Protein chains: 2
Amino acid sequence: MDGQGIESTLVSVDVLALRFDPEARSVLLGVAPRAADPFAGDLALPGVLLGRGERLRDAALRAVTGKLGVPGRAVTATGQLATFDEPSRDPRGPTLSIALWATLDPARLEGSAEWSPLDAVPPLAFDHDRIVADCRPLLADRLWRDVPFTAGLLGPEFTTAQALDVTESLTGDRPYPANLGRTMDRVPGLTRTTRHAAALPKGGRPPLVWRWDGDR
Amino acid sequence: MDGQGIESTLVSVDVLALRFDPEARSVLLGVAPRAADPFAGDLALPGVLLGRGERLRDAALRAVTGKLGVPGRAVTATGQLATFDEPSRDPRGPTLSIALWATLDPARLEGSAEWSPLDAVPPLAFDHDRIVADCRPLLADRLWRDVPFTAGLLGPEFTTAQALDVTESLTGDRPYPANLGRTMDRVPGLTRTTRHAAALPKGGRPPLVWRWDGDR
DNA sequence: GTAATAGTGTCTCTCAGACACTATTTT
DNA sequence: AAAATAGTGTCTGAGAGACACTATTAC
């Protein structure tokens with residue numbers, strides 16, 4: 001808090017941009033090939049250097065729009081995960097990385113982004129493999145507990161089937177529909193409607209529709 | 001991750017330095033009057049500007065030794081809490097604050113530190129009131145779950161009575177001894193000895209001694 | 001003895017998970 | 001009908017919390 005002359009650390013914000021793809025029935029992580037020199041061409045998490053006075057959330061938006069080509073209003077929610085401070089994590093010199101999550105509305109995806117299932121993320125530049133590995137349990141822990149995160153990922157309305165898919169993607173195993181239904185009954189702001197969605201491609205009973213109440 | 005010319009943000013590391021005082025029967029937070037200009041003389045969390053390439057833990061040690069006058073080897077464990085990015089939190093200009101916790105061995109305390117019970121922290125400089133308020137539930141959540149944190153706070157050996165005091169300080173209410181004993185039985189690495197400590201000043205049955213096994 | 005505190009043993013409630021059985025769809 | 005999937009109801013086991021009762025100290 002003093003020491004005026006100390007050369008300060010660079011801070012980058014790296015984003016775990018998550019999107020639920022109902023077709024693929026899984027949660028996808030946005031990665032993009034690097035344009036500039038260190039690791040040029042390799043896949044990496046979208047990240048930017050934090051500008052002076054910039055909010056973390058704003059930097060995350062810049063990263064997602066700039067590196068993934070996703071329009072800013074597709075970002076439904078953001079939040080902090082953890083900070084990585086290994087001095088050698090960037091070959092250009094010591095850089096702090098603050099990892100954030102961002103949930104994206106399944107909207108149009110332009111740009112050169114690739115979307116990778118969370119359980120099959122390809123090797124990434126820098127220490128991004130480690131960031132993904134360390135943050136995955138944090139993300140799984142947020143589901144059904146952190147309402148903005150969950151709502152951001154699933155959208156305003158979703159079916160039991162989609163809830164099962166998202167849970168399986170994040171935690172690694174698929175809950176029984178009955179048990180997940182009880183979990184969802186306890187999530188504040190989430191209500192079970194009486195409507196049923198269209199049946200699934202492979203047949204089966206049509207799943208119930210769930211909806212967030214309150215706003216929208 | 002590119003944008004070479006962007007002026008980078010300053011990063012400060014602010015530490016919630018915790019120490020259990022068996023006399024006061026409570027967990028104390030280390031605060032110190034500020035020496036330099038913004039808020040000079042006011043109490044604040046110990047904090048330093050993060051040096052280029054410096055690890056967060058090392059910066060936390062610098063803060064605790066420099067601002068609280070506590071010897072570095074008194075720091076038994078450290079860890080991350082959260083990052084605060086309000087651009088106006090420092091009147092000198094936008095500064096990121098990364099909050100860490102540090103546990104201190106009840107050792108000699110030199111310097112101009114003041115120790116304040118966690119539930120009666122005086123008004124602090126900058127946004128440190130907010131940092132303490134936001135981080136307190138995170139600290140309470142770590143107790144009995146995060147072994148380095150818990151062991152760092154209580155030391156290698158402690159009594160049931162001290163465990164009750166620490167729990168009350170962090171969570172705000174005092175558990176039943178019986179229930180806390182069961183909680184502690186489930187903490188990995190913590191074992192109930194057969195020894196009893198000396199009785200307490202006001203009388204009462206002498207409490208059991210607990211010990212961390214494994215290393216020391 | 002009384003007050004104060006800790007330890008033992010129950011009891012209840014909530015919650016997660018497993019699963020049998022039923023319901024509703026595609027093929 | 002068979003396969004696939006979702007929904008209802010039930011059971012069990014872990015864990016938190018409350019509390020009666022006992023144990024051991026200071027006064």
Side-chain angles (χ1 to χ4, degrees), chain A residues 22-26 137 140-147 150 154 157-188 190-211, chain B residues 22-26 137 140-147 150 154 157-188 190-211:
Chain A
E23 312 299 315
R25 303 187 52 163
S26 69
D141 197 58
R142 273 192 157 70
L143 186 64
W144 307 122
R145 258 193 267 277
D146 181 334
V147 171
T150 309
L154 280 157
E157 271 194 6
F158 58 93
T159 67
T160 304
Q162 294 171 338
L164 287 163
D165 293 339
V166 165
T167 305
E168 181 173 14
S169 284
L170 287 183
T171 68
D173 52 26
R174 193 174 186 81
Y176 292 90
N179 295 338
L180 183 56
R182 273 188 294 268
T183 297
M184 291 195 285
D185 282 332
R186 283 189 296 264
V187 174
L190 183 56
T191 48
R192 188 192 286 260
T193 70
T194 50
R195 265 179 308 130
H196 286 262
L200 289 87
K202 284 191 289 193
R205 178 170 175 174
L208 274 179
V209 173
W210 298 73
R211 196 185 49 218
Chain B
E23 311 300 315
R25 302 187 53 163
S26 69
D141 197 59
R142 272 193 158 71
L143 187 63
W144 308 120
R145 260 193 267 276
D146 181 332
V147 171
T150 310
L154 279 157
E157 273 194 5
F158 59 92
T159 67
T160 303
Q162 293 171 340
L164 287 163
D165 292 339
V166 165
T167 305
E168 182 174 15
S169 284
L170 288 183
T171 68
D173 51 27
R174 192 175 187 82
Y176 292 90
N179 295 338
L180 183 57
R182 274 188 294 268
T183 298
M184 291 196 285
D185 282 331
R186 283 190 296 266
V187 174
L190 183 57
T191 48
R192 187 193 287 259
T193 71
T194 50
R195 263 180 309 130
H196 286 263
L200 288 87
K202 283 192 288 192
R205 180 170 173 175
L208 272 178
V209 174
W210 299 74
R211 196 184 46 216

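Just so you know, these numbers come straight off a predicted model, no measurement behind them.
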Is the phosphate of C:dG17 approached by A:Arg174 (side-chain N or O, under 4.0 Å from OP1 or OP2)? no
Mind calculating the distance between CZ (B:Arg145) and P (D:dG15) to the nearest angstrom? 12 Å
Nearest heavy atoms of A:Glu157 and A:Val209, plus distance in Å: OE1-CG1, 3.9 Å
CZ (B:Arg211) with more than 12 external heavy atoms under 6.0 Å: no
Interatomic distance where NE2 belongs to B:His196 and P belongs to D:dT25 [whole Å]: 8 Å
What closest approach, in Å, do A:Thr159 and A:Pro207 show between heavy atoms, and which atom pair accounts for it? CB-CG, 3.8 Å
Remember a base hit wins even if backbone is also touched, and classify A:Pro201 as base, sugar-phosphate or nothing at under 4.0 Å, heavy atoms. sugar-phosphate
Find the distance B:Arg195:CZ to C:dA6:C1' and express it as a whole number of Å. 17 Å
B:Asp185 CG to C:dT8 P: how many Å, rounded? 9 Å
Between A:Arg182 and B:Ala161, just flag the one whose closest nucleotide in DNA chain C comes earlier from the 5' side. B:Ala161
Distance, rounded to the nearest Å, where B:Leu208 contributes CG and D:dA23 contributes P: 15 Å
For A:Pro207 and for B:Asn179, locate the closest nucleotide of DNA chain D by heavy-atom distance; then report the residue assigned to the nucleotide nearer the 5' terminus. A:Pro207
Quick check: closest heavy atoms across B:Leu180 and B:Trp144, and the distance to 0.1 Å? CD1-NE1, 3.7 Å
Closest non-hydrogen atom pair, A:Val147 against A:Val187: CG2-CG1, 4.2 Å
Output the rounded distance in Å from CE (A:Met184) to C1' (C:dG17). 16 Å
B:Ala161 and B:Arg174: which non-hydrogen atoms are nearest, and at how many Å? O-NH2, 4.2 Å
Mind checking whether A:His196 and A:Leu208 have side chains closer than 4.5 Å, heavy atoms only? yes
Can you check each nucleotide of nucleotides 20-25 of chain C against protein heavy atoms at under 4.0 Å and return B for base, S for sugar-phosphate only, - for none, in 5' to 3' order? ---BBB
Phosphate-side-chain proximity, B:Thr183 and D:dG15, N/O vs OP1/OP2 below 4.0 Å: no
Round to a whole Å and report the spacing from CG of A:Asp165 to P of D:dT5. 10 Å
Find the distance B:Arg25:CZ to C:dT5:C1' and express it as a whole number of Å. 9 Å
